[in-house]
Amino acid sequence: MKVRLIVDCRYGPPLRGTHRDRVVGVSKGKSRSRRSEQSMETGTIPHTELDGGINCYLTIESGQTYRWTRSDGELYAGSRAPEAWYELAIDGEVVRVRSTDDGLEWESTTDAEPILRRRLRLDDDLPAIVADAPDDTLVEDAYATHRGLRLVTDPPFDTLIAFICSAQMRVERINEMVTTLATEYGTQIEFDGRTYHDFPTPDQLAAATESELRDLGLGYRAPYVVETARMVADGEGHPADARDLPYEEAREYLTRFVGVGEKVADCICLFALEFDEAVPLDTWIRKAIATYYPDCDHGSYAKTSRAIRERFGGTYAGYAQTYVFHHLRTGEATVD
DNA sequence: CGCCAGGCCTTAC
DNA sequence: GTAAGGCATGGC
C-alpha cells in the first residue's frame, strides 16, 4: 500500500525534531492534485450506532461549518434535499455523505468513517446532552425542533479564517467566501471524475494579496485574512495552541490574530477546539439575551458571556447556543 | 433609498 | 475599561 504524507500546518505547528513535508512554493494556489489514480471506498454507519441520530442538513447548514458543499449546489438556499450528497475535501481526501433510511451513507477516496466521526462528532450522545439542558423554554424548544443537529469539529486554521470572514456577513455569503478561498488557493483533489479543493494551508493563503482578496469580495476582511495567514505561516502563533489552555484563556489567546475579537474567538473555541461551554455572543444571541434573558446582560462581553453560559447549563452551553442560534435565525422563535 | 448580516479596529476619554 | 465612528458587500 502506498503511503502518502499529507502534512500541512492547518492543524498545528510542526513538531520539533520530526520530519514533516510542508506545502510550499505555491503561487496563486494553482497547485496540482496529489492524487493521480482514483478509487472509491463506500460504507454506511447505521443510525442505531448514533445516539440521537444525525440530520446532515441541520448539522452542516446551521452556520457552524463552512467547509462543505452540496452536490446540487443549493447549500443555504433553504432547501432540504435528502438525496443530495454533502461533500468535504480535507487532508487530501474527499468525503461524500448523506443520510438514508439505513444510516449515514458515505463515498470517499479513503475509509471515511473516522473522518466523519471526528468532523460530525458522531460519538456525541445527543439525548444525554439534551437531558443535561437547563429547564428553559427557549432552549427546550430549540432542542425539540431541530433533532439530529450535531456540533462539528473543523480544523483550527480553517475555522480561524472562516470566522474572520464572518464579521457582519450572512451565513450564505460566508460559505461563498470560504468556498472561493478553497477554489482559488487550495490544493486540488481529483475524485470520481471531478475536481475538489482542500482549504488552503497558511502558506498558500499567506501568498495571497489584499487586493486579490478584495477582488474576491472579502471587503475589509481581506487584510485581516492575509495578515493572520502570515502570522500562522511564520509561526507567530497557531489557533490549535489554544487547545491546551483553560477555556477563557484560550479565547483570549485567539484574539492575537488580526480580525479576531472575543466573538470570533468563541466560535473557534466551539467549532474547532471542542470547548463545548463556549457561547459566542453574536447579534442573534444578543437579541435573545435582550428578549429572554435580560438579567444576563452585564455590559462587557466576558461578564455577559459568563452569565449566559451558566443559564445554558455550563458544560454543554455551546451546544444549547448552536440550537438557539439556528432556531432564531430560521425564524422559529422571535426576538424583539 | 435605508437597514441588516454569527464584528473588529482605531482612537479618544 | 468603555464608547464612538469607520469599514465592504449584497439582499431585501
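Chain naming here is simple, since letters A, B, ... match the order of the sequence lines and numbering starts at 1 in each.
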K.L.:
Only pairs under 3.5 Å count here: list side-chain donor-acceptor contacts from residues 172-180 of chain A, not counting sequence neighbours, and write none if there are none.
P.N.:
| from | atom 1 | to | atom 2 | distance (Å) |
| --- | --- | --- | --- | --- |
| A/Thr179 | OG1 | A/Asn175 | O | 2.8 |
| A/Thr180 | OG1 | A/Glu176 | O | 2.8 |

K.L.:
Does A/Ser62 have any side-chain contact (heavy atoms from CB on, under 4.5 Å) partners at least two apart in sequence or in another chain, and if so, which?
P.N.:
A/Gln64, A/Leu149, A/His326
K.L.:
Taking only residues two or more places apart in sequence, or in another chain, which ones meet A/Arg230 in a salt bridge (Lys or Arg N to Asp or Glu O under 4.0 Å)?
P.N.:
A/Glu227, A/Asp234, A/Glu236
K.L.:
Encode nucleotides 5-12 of chain C as B, S and - characters from 5' to 3', where the letter depends on protein heavy atoms closer than 4.0 Å: B to the base, S only to sugar-phosphate, - to neither.
P.N.:
--BBBBB-
K.L.:
Are A/Arg214 and A/Glu210 close enough for a salt bridge, meaning some N to O gap below 4.0 Å?
P.N.:
yes
K.L.:
Just grab all the salt bridge (charged side-chain N to carboxylate O under 4.0 Å, His left out) pairs involving residues 147-169 of chain A, residues at least two apart or on different chains.
P.N.:
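Every salt bridge (charged side-chain N to carboxylate O under 4.0 Å, His left out) pair that includes a residue of residues 147-169 of chain A, provided the two are not neighbours, is A/Arg10-A/Asp158, A/Arg67-A/Asp158.
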K.L.:
Tell me which residues in residues 322-336 of chain A lie within less than 4.0 Å of DNA chain B, going by non-hydrogen atoms.
P.N.:
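The answer is A/Phe325, A/Arg329.
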K.L.:
Please identify each residue that fulfils salt bridge (Lys or Arg N to Asp or Glu O under 4.0 Å) with A/Glu249, with sequence neighbours left out.
P.N.:
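Result, salt bridge (Lys or Arg N to Asp or Glu O under 4.0 Å) vs A/Glu249: none returned.
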K.L.:
Does anything in residues 269-290 of chain A form a salt bridge (charged side-chain N to carboxylate O under 4.0 Å, His left out)? List the pairs, not counting sequence neighbours.
P.N.:
A/Arg118-A/Glu274, A/Arg121-A/Asp276
K.L.:
Hey, could you give me each pair passing ring-ring contact (aromatic ring centres under 6.0 Å, His included) that has a residue in residues 149-173 of chain A? Not counting sequence neighbours.
P.N.:
A/Tyr66-A/Phe163, A/Phe163-A/Phe271
K.L.:
Do NZ/NE/NH1/NH2 and the carboxylate oxygens of A/Asp136 and A/Arg311 come within less than 4.0 Å?
P.N.:
no
K.L.:
Taking side-chain contact (heavy atoms from CB on, under 4.5 Å) as the definition, give me every residue that meets it alongside A/Ala307, ordered by chain and number, with sequence neighbours left out.
P.N.:
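For A/Ala307, the residues satisfying side-chain contact (heavy atoms from CB on, under 4.5 Å) (neighbours in sequence not counted) are A/Cys296, A/His298.
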K.L.:
Is the closest basic N to carboxylate O distance between A/Glu61 and A/Arg80 below 4.0 Å?
P.N.:
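No, A/Glu61 and A/Arg80 are not salt-bridged.
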K.L.:
Just to be sure I understand the geometry, which residues of residues 258-276 of chain A put a non-hydrogen atom under 4.0 Å away from DNA chain B?
P.N.:
A/Val258, A/Gly259, A/Val260, A/Gly261, A/Glu262, A/Lys263, A/Val264, A/Phe271
K.L.:
Given the side-chain rings of A/Tyr293 and A/Phe312, with only the six-membered ring counted for Trp, is the space between their centroids under 6.0 Å?
P.N.:
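Aromatic pair counts; centres sit under 6.0 Å.
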K.L.:
Check DNA chain C against residues 278-310 of chain A and give the residues with a non-hydrogen atom under 4.0 Å, in numerical order.
P.N.:
A/Ser300
